[in-house]
Participant: 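One structure coming up, written as structure tokens, with questions to follow.
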Amino acid sequence: MKKIAWITDTAAQVDEAFIQKHHVFVLPLGVVFGDRCYRESLDLTKDEFYDKLRAAKGSPKTSQPTIGEMTSLYEKLQTEGYDFAIAVHLSSGLSGTFESAQSAAKMTDFPVYPIDSKIGSFPMVKMIEMGNELFAEGKEPEEVVEALSAMTSNSKLSFIPGGLGQLHKSGRVSGTQAFLSNLLNIKVLIIFENGKAVMTEKVRSMKRAKKHVTSLLRADMEKGSVPEVAVIHCHNAHDAEIWKNELLKEFPTLHVRVVSLSVCVAVHAGEGTTGLSWVTY
């Protein structure tokens with residue numbers, strides 16, 4: 001049986017147990033404060049990141065893994081006896097990581113199959129899980145890549161920023177919009193469409209915003225099978241657990257997990273963000 005490596009980036013937020021079980025190699029995204037780039041999960045903890053984010057006058061920048069880091073990893077995998085790798089990366093609509101992976105794959109003799117997840121977070125993890133199941137069934141790499149690429153159209157991620165302050169700092173909304181949002185307790189809803197994060201709704205109060213996101217989940221559950229949902233958050237595990245319990249009351253058989261988002265999401269969405277993510281089968 002061929003030895004398969006999985007590659008992803010820190011947008012997926014995979015835990016150590018998952019990494020060991022599935023032979024996953026994680027390339028860190030970066031956050032730039034001033035003149036220093038910090039590699040996510042390596043150079044600073046989440047708590048250290050949020051301390052810096054609160055203290056920052058402007059908005060930090062984000063960066064992607066370099067082609068050099070990618071080719072070094074590919075060569076390492078080859079020396080470790082892996083036959084090929086499949087790389088599931090953050091949406092190309094948000095980062096150049098997928099394109100860099102394509103370029104890096106052409107620069108080495110090691111077979112790498114990059115996939116544009118067209119999303120981030122929880123669905124990237126589900127793609128790796130599904131890929132392992134398909135390989136166990138005897139599928140070829142090209143068949144697996146085709147199947148996982150098709151999953152992108154059924155992957156959903158919707159979130160509610162904790163406020164518009166960080167979106168204003170990062171240039172996503174105007175100062176007037178941020179001010180009025182705080183004054184009137186207006187919440188915005190951001191969803192992924194065609195690989196990009198798009199603001200789609202503005203509602204009064206967090207309760208109504210959560211109700212709207214839950215209605216999107218309910219609609220997909222009526223159309224197909226949604227066995228698992230992730231409550232996603234930016235340094236807001238308390239509210240995420242509350243939402244999880246609310247979902248379990250309405251959907252007792254649903255498997256619900258709480259998942260922290262990449263700090264690169266918090267650079268734009270801000271601390272306190274919560275949302276839901278799922279894949280429809």
Side-chain angles (χ1 to χ4, degrees), residues 8-16 18-19 24 26-31 38-54 56 59-65 88-91 93-95 97 117-128 155-167 169-170 172 187-193 195-199 206 209-210 213-214 216-217 228-244 247 256-279:
T8 190
D9 51 66
T10 48
Q13 291 293 287
V14 292
D15 59 34
E16 189 60 33
F18 189 92
I19 287 171
V24 181
V26 183
L27 290 162
L29 301 173
V31 182
Y38 297 85
R39 295 169 298 168
E40 183 171 14
S41 302
L42 293 178
D43 298 329
L44 80 173
T45 65
K46 278 189 167 65
D47 285 341
E48 290 169 340
F49 163 78
Y50 284 105
D51 286 343
K52 285 183 173 293
L53 186 66
R54 293 184 208 107
S59 179
K61 307 294 183 183
T62 56
S63 68
Q64 66 195 50
V88 179
H89 285 302
L90 175 63
S91 173
L94 299 178
S95 167
T97 307
S117 71
K118 297 185 179 178
I119 204 162
S121 187
F122 176 70
M124 297 170 68
V125 175
K126 301 309 292 183
M127 288 177 189
I128 295 174
S155 298
K156 304 295 176 64
L157 193 157
S158 303
F159 60 90
I160 309 156
L164 297 192
Q166 196 59 38
L167 284 168
K169 281 187 178 181
S170 63
R172 297 306 194 270
K187 300 296 181 181
V188 298
L189 173 63
I190 298 178
I191 67 171
F192 272 78
E193 289 183 349
K196 295 183 178 180
V198 180
M199 283 191 282
M206 187 65 177
K210 287 170 62 177
V213 175
T214 303
L216 299 178
L217 168 64
E228 186 174 20
V229 173
V231 184
I232 52 178
H233 70 93
C234 291
H235 211 234
N236 192 10
H238 177 266
D239 287 351
E241 287 289 346
I242 291 173
W243 201 345
K244 172 184 175 179
L247 290 172
V256 185
R257 68 168 79 173
V258 172
V259 176
S260 177
L261 286 165
S262 164
V263 299
C264 292
V265 175
V267 165
H268 304 294
E271 185 175 9
T273 293
T274 53
L276 300 180
S277 183
W278 65 89
V279 180

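Computed over heavy atoms, backbone and side chain alike; hydrogens, waters and symmetry mates excluded.
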Participant: To the nearest 0.5 Å, how far apart are OG in Ser41 and CG in Leu29?
Facilitator: 9.0 Å

Participant: Within a strict 4.5 Å, meaning less than it, do heavy atoms of the Pro60 and Lys52 side chains meet?
Facilitator: no

Participant: How would you list, by chain and number, every residue that makes a side chain to side chain donor-acceptor pair (under 3.5 Å) with Ser277, sequence neighbours excluded?
Facilitator: none

Participant: I need the Leu276 CG to Thr214 OG1 distance, nearest 0.5 Å.
Facilitator: 5.5 Å

Participant: Any side-chain to backbone donor/acceptor pair from Ser91 onto Gly195? Under 3.5 Å, distance only.
Facilitator: yes

Participant: Taking ring-ring contact (aromatic ring centres under 6.0 Å, His included) as the definition, give me every residue that meets it alongside Phe18, ordered by chain and number, with sequence neighbours left out.
Facilitator: His22

Participant: Please report the closest heavy-atom contact between Thr273 and Pro161, naming both atoms and the distance.
Facilitator: OG1-CA, 3.3 Å

Participant: Sub-3.5 Å donor-acceptor pair from the side chain of Thr8 to the main-chain atoms of Val88, do we have one?
Facilitator: yes

Participant: Taking all non-hydrogen atoms of both residues, which atom of Leu157 and which atom of Ser121 are closest, and how far apart?
Facilitator: CD1-CB, 3.7 Å

Participant: Name all residues meeting the salt bridge (Lys or Arg N to Asp or Glu O under 4.0 Å) criterion together with Lys210; count only those two or more places apart in sequence or in a different chain, and write none if there are none.
Facilitator: Glu246

Participant: Which heavy atom of Ala230 sits nearest to which heavy atom of Val259, and what is that distance?
Facilitator: CB-CG2, 3.8 Å

Participant: Going by heavy atoms in the side chains, are Leu217 and Leu247 under 4.5 Å from each other?
Facilitator: yes

Participant: Does Met206 reach the side chain of Asp239, with side-chain heavy atoms less than 4.5 Å apart?
Facilitator: no

Participant: Would you say that His235 contacts Asp47 through its side chain, given a criterion of any heavy-atom pair below 4.5 Å between the two side chains?
Facilitator: yes

Participant: I need the Asp51 CG to Thr45 OG1 distance, nearest 0.5 Å.
Facilitator: 7.5 Å

Participant: Can you tell me if Glu228 uses its side chain to pair, donor with acceptor, with the backbone of Arg257 under 3.5 Å?
Facilitator: no

Participant: Is there a side-chain contact between Phe159 and Ile232 in this structure, where contact means two heavy atoms from C-beta onward sitting under 4.5 Å apart?
Facilitator: yes

Participant: Going by the rule salt bridge (Lys or Arg N to Asp or Glu O under 4.0 Å), which residues pair with Asp15 if we only count those two or more places apart in sequence or in a different chain?
Facilitator: none

Participant: Do Asn236 side-chain atoms and Gly272 backbone N/O form a donor-acceptor pair below 3.5 Å?
Facilitator: yes

Participant: Would you give the length of the straight line joining atom NZ of Lys46 to atom OG of Ser262, rounded to the nearest 0.5 angstrom?
Facilitator: 7.0 Å

Participant: List the atom of Ala240, the atom of Val231, and the distance in Å for their closest heavy-atom pair.
Facilitator: O-CG1, 3.6 Å

Participant: Would you say the side chain of Cys234 lies within less than 4.5 Å of the side chain of Tyr50, judging by non-hydrogen atoms?
Facilitator: yes

Participant: Under the salt bridge (Lys or Arg N to Asp or Glu O under 4.0 Å) test, which residues partner Lys118, sequence neighbours left out?
Facilitator: none

Participant: Kindly compute the distance separating CE (Met124) from CD (Gln13), expressed to the nearest 0.5 Å.
Facilitator: 10.0 Å

Participant: Determine the minimum heavy-atom distance between Pro123 and Gly120, stating which atoms define it.
Facilitator: CD-O, 3.1 Å

Participant: Atom NE2 of His233 and atom CG of Leu261: how far apart are they, to the nearest 0.5 Å?
Facilitator: 7.5 Å

Participant: Walk me through it: do Val256 and Trp278 pass the test side-chain contact (heavy atoms from CB on, under 4.5 Å)?
Facilitator: CA-CA 10 Å; Val256 185; Trp278 65 89; over 6 Å; no

Participant: Specify the closest pair of heavy atoms between Ala266 and Phe49, including all atoms of both residues, with the distance to one decimal.
Facilitator: CB-CE2, 3.7 Å

Participant: So Lys156 and Ile191, do their side chains get closer than 4.5 Å, heavy atoms only?
Facilitator: no

Participant: Only counting residues at least two apart or in another chain, list the ones meeting salt bridge (Lys or Arg N to Asp or Glu O under 4.0 Å) with Glu193.
Facilitator: none

Participant: Report yes or no: does Asp9 contribute a side-chain atom to a donor-acceptor pair with the main-chain N or O of Leu90 at less than 3.5 Å?
Facilitator: yes

Participant: Check step by step if side-chain contact (heavy atoms from CB on, under 4.5 Å) holds for Leu189 and Leu216.
Facilitator: CA-CA 12 Å; Leu189 173 63; Leu216 299 178; 4.3 Å; yes

Participant: Would you say that Ser117 contacts Met127 through its side chain, given a criterion of any heavy-atom pair below 4.5 Å between the two side chains?
Facilitator: yes

